[in-house]
Amino acid sequence: MGLLLPKRVKYRKAQRGKRRGIAKGGTTLAFGEFGLRALGNGWIKASQIESARVAISRALGGGKLWLRMFPDKPVTSHGQEKTMGAGKGLVDHWVAVVKRGRILLEVEGVPEVLAKDALRLASYKLPLRTCFVSRKAGIAT
């Protein structure tokens with residue numbers, strides 16, 4: 001599948017912004033039966049999203065998977081030899097901004113134990129603390 005990134009953007013480079021507060025939307029399961037909820041704020045790189053997707057796909061075998069985050073923020077970096085005042089660097093990678101309470105991944109069509117195990121493997125690939133959520137329970141387990 002390759003790494004995720006936007007086809008077009010209005011502005012090539014973006015400011016960092018704040019990584020605080022709680023998610024305004026995307027806090028409930030919308031598609032699948034089970035999900036992974038973020039317990040902290042941060043950035044998730046496109047490579048980390050892809051790594052989690054691959055881990056889940058291999059663990060599940062069947063079933064359906066939804067990615068509920070998309071890396072649409074460009075992060076820039078300079079080379080080692082650049083001096084201060086040399087302007088903003090080139091786009092290095094893309095990140096998804098994730099706030100506390102956001103559902104990151106959803107899974108459907110597999111037993112709960114298999115979904116829990118697959119989402120646990122995916123959570124190891126992500127830089128944030130997460131918890132498993134289920135539609136029938138309605139609460140984190």
Side-chain angles (χ1 to χ4, degrees), residues 1-82 84-141:
M1 184 174 160
L3 293 180
L4 295 170
L5 70 146
K7 286 191 180 88
R8 298 174 64 238
V9 287
K10 189 167 183 179
Y11 299 107
R12 226 164 23 105
K13 298 170 183 176
Q15 295 185 331
R16 285 185 179 83
K18 300 280 187 260
R19 299 180 218 184
R20 62 179 183 221
I22 58 171
K24 286 198 300 186
T27 56
T28 57
L29 293 173
F31 305 102
E33 202 65 30
F34 311 105
L36 201 62
R37 173 180 284 144
L39 295 178
N41 301 333
W43 288 348
I44 300 181
K45 290 183 185 180
S47 56
Q48 293 168 333
I49 295 172
E50 178 63 14
S51 172
R53 187 194 67 79
V54 168
I56 286 187
S57 299
R58 288 190 176 150
L60 286 183
K64 189 153 172 53
L65 167 70
W66 286 271
L67 295 174
R68 297 280 308 274
M69 56 191 157
F70 185 79
D72 55 357
K73 183 185 196 75
V75 176
T76 60
S77 72
H78 263 313
Q80 290 269 277
E81 302 290 314
K82 285 279 186 178
M84 287 180 65
K88 198 167 169 83
L90 301 173
V91 173
D92 184 47
H93 58 274
W94 294 82
V95 295
V97 178
V98 173
K99 303 235 171 145
R100 186 166 27 102
R102 176 87 184 193
I103 300 292
L104 305 175
L105 303 157
E106 291 189 34
V107 173
E108 178 185 77
V110 290
E112 184 173 357
V113 290
L114 187 59
K116 202 169 199 171
D117 190 49
L119 290 170
R120 179 182 55 82
L121 290 173
S123 73
Y124 293 149
K125 310 289 183 184
L126 301 174
L128 305 172
R129 285 186 55 234
T130 58
C131 68
F132 177 83
V133 289
S134 166
R135 189 182 293 275
K136 70 173 173 26
I139 54 166
T141 54

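All figures in this text were calculated on a predicted structure; none of them were measured in a lab.
Here the side chains of Thr76 and Asp92 are not in contact, with every heavy-atom distance at 4.5 Å or above.
Going from atom CG of Leu114 over to atom CZ of Phe34 covers 9.5 Å, rounded to the nearest 0.5 Å. The distance from the NZ atom of Lys116 to the OG atom of Ser134 is 8.5 Å, given to the nearest 0.5 Å. Atoms NZ and NZ, on Lys45 and Lys73 in that order, are 15.0 Å from each other to the nearest 0.5 Å.
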Would Leu105 and Ile56 count as a side chain to side chain contact (heavy atoms under 4.5 Å, CB included) if you check the C-alpha gap in whole Å, the side-chain angles of each, and the deciding distance to 0.1 Å? CA-CA 10 Å; Leu105 303 157; Ile56 286 187; 3.6 Å; yes

Report the C-alpha separation of Leu29 and Val133 in whole Å, then their side-chain angles, then the decisive distance to 0.1 Å, and conclude whether the side chain to side chain contact (heavy atoms under 4.5 Å, CB included) test is met. CA-CA 8 Å; Leu29 293 173; Val133 289; 4.0 Å; yes

Step by step, would you call Trp43 with Arg19 a side chain to side chain contact (heavy atoms under 4.5 Å, CB included)? CA-CA 8 Å; Trp43 288 348; Arg19 299 180 218 184; 3.4 Å; yes

For side chain to side chain contact (heavy atoms under 4.5 Å, CB included), just list the numbers for Arg68 and Phe31, CA-CA rounded to whole Å, side-chain angles, deciding distance to a tenth of an Å, and then say yes or no. CA-CA 10 Å; Arg68 297 280 308 274; Phe31 305 102; 3.6 Å; yes

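Just one of Val97, Leu5, Leu4 meets the side-chain contact (heavy atoms from CB on, under 4.5 Å) condition when paired with Pro71; it is Leu4.
Taking the ring centre of Trp66 as origin, the terminal cationic atom of Lys64 falls inside the region bounded by 6.0 Å and 45° from the ring axis.
Annotation: Lys99, atom NZ; neighbour count of heavy atoms from other residues, nucleotides and ligands within 6.0 Å is above 12.
The backbone N or O of Arg53 sits less than 3.5 Å from a side-chain atom of Ser57, completing a donor-acceptor pair. Side chain of Arg37 to main chain of Leu104: no donor-acceptor pair is present (N/O by atom type, distance under 3.5 Å, no hydrogens or angles). When atom types are taken as modelled, the side chain of Asn41 and the backbone of Arg100 share a donor-acceptor pair closer than 3.5 angstrom. Glu106 contributes a side-chain N or O that, together with a main-chain N or O of Gly32, makes up a donor-acceptor pair within less than 3.5 Å.
Applying the side-chain contact (heavy atoms from CB on, under 4.5 Å) criterion to Pro127, with sequence neighbours excluded, gives Ile44, Gln48.
Closest approach of Val107 and Ala115 over heavy atoms only: CG1-CB, 4.3 Å. When all heavy atoms of Ala55 and Lys125 are compared, the pair lying nearest together is CB-CE, 4.2 Å. Scanning both residues, Ser123 and Thr130, for their nearest heavy atoms gives CB-OG1, 3.2 Å. Residues Ile49 and Ala96 share a closest heavy-atom pair of CD1-CB, 4.1 Å. Scanning both residues, Glu33 and Lys136, for their nearest heavy atoms gives OE2-N, 4.5 Å. Minimum interatomic distance between His93 and Val95 (heavy atoms only, all atoms of both residues): CD2-CG1, 3.6 Å.
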Could you list the donor-acceptor pairs under 3.5 angstrom formed between side-chain atoms of residues 6-16 and any protein atom two or more places apart in sequence or on another chain?
| unit_1 | atom_1 | unit_2 | atom_2 | d |
| --- | --- | --- | --- | --- |
| Lys13 | NZ | Lys88 | O | 3.4 |
| Lys13 | NZ | Gly89 | O | 3.3 |

